[in-house]
Amino acid sequence: MHTIGDSFEVNIKNLLEFFDEKPPTSQGHATSLTQMFGEDLGAALFNHYLDSQGIESKVISDKCTTGEKSGSRLDRWILTNENGKRVLYQSEIKSWSAHALGKSPISAMAIPEKLSAYEEKEWLSIWDDKNSNFKWPTLSKVLIEMKEPSQIEYDEKRPLLIYWIPLRPKGESSPFFNVQAKSNAYNRVWVFSMSSYLRSINKDKIVLRNMPNFAERLFWINNIFKPAEG
């Protein structure tokens, strides 16, 4: 495998401005960039959050499917050790931002009151309280049980949605939360907001580790294209 290293320094403010403020020069690029690094970013940010909480975690490379040749599939398996309990998350990663679905931009420096109102509104835009499930199949598929990776020991398996847009239920203070859900396989679903987490970090930059797919893509871009002189 050719890589340039799979750890990257991330400028938090620049990342939030690009995805949440939707600056004019970013138009037409968000989809291409999220295809390039969106899934790696989501998993790496979730691992970064867990590390900040003293929770060990690692991404499992096995495909996250039902085990059938066709049907629903998710993006990542993430194994954690939470106070001695091995939790295996079947994770769907959505990099939807202000660029997608006609969402309203929100400043990277939004005051807490405005951010909270935005988060609560966005949560209700994807969650159906009456039916205790997501409003769209592209999200509710996270509640379909996936076939766990071979040779991985765990104590509990959980569905996890890793989502870019800042969101959380009213009264919730953490960017990582869970709510009661109704499905044949699970009675709760866990949700992690990438943007909400980044806004809680009191640093200009962070280092994200284990972004192998993005590293491979950067390697090939750098291998093929070089700035022309003159």
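Any value given below was found using the heavy atoms of this structure, including those in side chains, with hydrogens, waters and symmetry copies removed. Position 1 is the first residue of the sequence, and the numbers go up from there. A quick note: this is a predicted structure, and the numbers were derived from the prediction, not measured.
Every side-chain contact (heavy atoms from CB on, under 4.5 Å) that A98 has, sequence neighbours left out, goes to K22. Residues passing the ring-ring contact (aromatic ring centres under 6.0 Å, His included) test with Y163 are W96, sequence neighbours excluded. Partners of Y154 by ring-ring contact (aromatic ring centres under 6.0 Å, His included), not counting sequence neighbours: none found. The ring-ring contact (aromatic ring centres under 6.0 Å, His included) test applied to Y118 returns no partner, not counting sequence neighbours. For D51, there are no salt bridge (charged side-chain N to carboxylate O under 4.0 Å, His left out) partners at least two apart in sequence or on another chain. Remark: D129 pairs with L124, W127 by the side-chain contact (heavy atoms from CB on, under 4.5 Å) rule, at least two apart or across chains. Every residue two or more places apart in sequence or in another chain that forms a salt bridge (charged side-chain N to carboxylate O under 4.0 Å, His left out) with R168 is listed here: E119. Q35 is linked by a side chain to side chain donor-acceptor pair (under 3.5 Å) to nothing, counting only residues two or more places apart in sequence or in another chain. Listed by chain and number, the residues in a salt bridge (charged side-chain N to carboxylate O under 4.0 Å, His left out) with E17 are K13 (sequence neighbours excluded).
A salt bridge is defined here as a Lys NZ or Arg NE, NH1 or NH2 lying under 4.0 Å from an Asp or Glu carboxylate O, and D155 with K85 fails to meet this definition. Ionic pairing of E92 and R76 is not present here: no N-O contact between side-chain nitrogen and carboxylate oxygen is shorter than 4.0 angstrom. Taking the charged nitrogens against the carboxylate oxygens, K58 and E56 have no contact shorter than 4.0 Å, which rules out a salt bridge.
Checked by atom type, the side-chain pair E82/T80 shows a donor-acceptor distance below 3.5 Å.
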**Request:** Output, in order, the C-alpha distance, side-chain angles, deciding distance and verdict of side chain to side chain contact (heavy atoms under 4.5 Å, CB included) for L115 and I111.
**Result:** CA-CA 6 Å; L115 177 61; I111 60 175; over 6 Å; no

**Message:** Set out, in order, the CA-CA distance, both residues' side-chain angles and the distance that settles side chain to side chain contact (heavy atoms under 4.5 Å, CB included) for V207 and F8, then state yes or no.
**Reply:** CA-CA 5 Å; V207 173; F8 298 91; over 6 Å; no

**Worked verdict on E145 versus K157 for salt bridge (charged side-chain N to carboxylate O under 4.0 Å, His left out)** = CA-CA 9 Å; E145 187 172 16; K157 185 163 58 174; 3.1 Å; yes

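The two atoms that bring M146 and L74 nearest to each other are CG-CD1, 3.8 Å, heavy atoms only.
Note on residues 23-32: no pairs pass salt bridge (Lys or Arg N to Asp or Glu O under 4.0 Å), not counting sequence neighbours. Screening residues 192-209 for salt bridge (Lys or Arg N to Asp or Glu O under 4.0 Å), with sequence neighbours left out, gives E9-K205, D20-R199.
Using bins of under 30°, 30° to 60° and over 60° for the plane-to-plane angle, the ring pair Y49/F176 lands in the perpendicular bin.
With rounding to the nearest 0.5 Å, the separation of CD in E172 from NZ in K170 is 14.0 Å.
For Q180, the CD atom sits in a loose shell: 12 or fewer heavy atoms of surrounding residues, nucleotides or ligands are nearer than 6.0 Å.
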Please table the atom pairs, donor to acceptor, closer than 3.5 Å between any side-chain atom in residues 187-194 and protein atoms at least two apart or in another chain.
residue, atom, partner, partner atom, Å
R188, NE, N178, OD1, 2.6
R188, NH2, N178, OD1, 3.1
S193, OG, I165, O, 3.0
S193, OG, S196, N, 3.1
S193, OG, S196, OG, 3.0

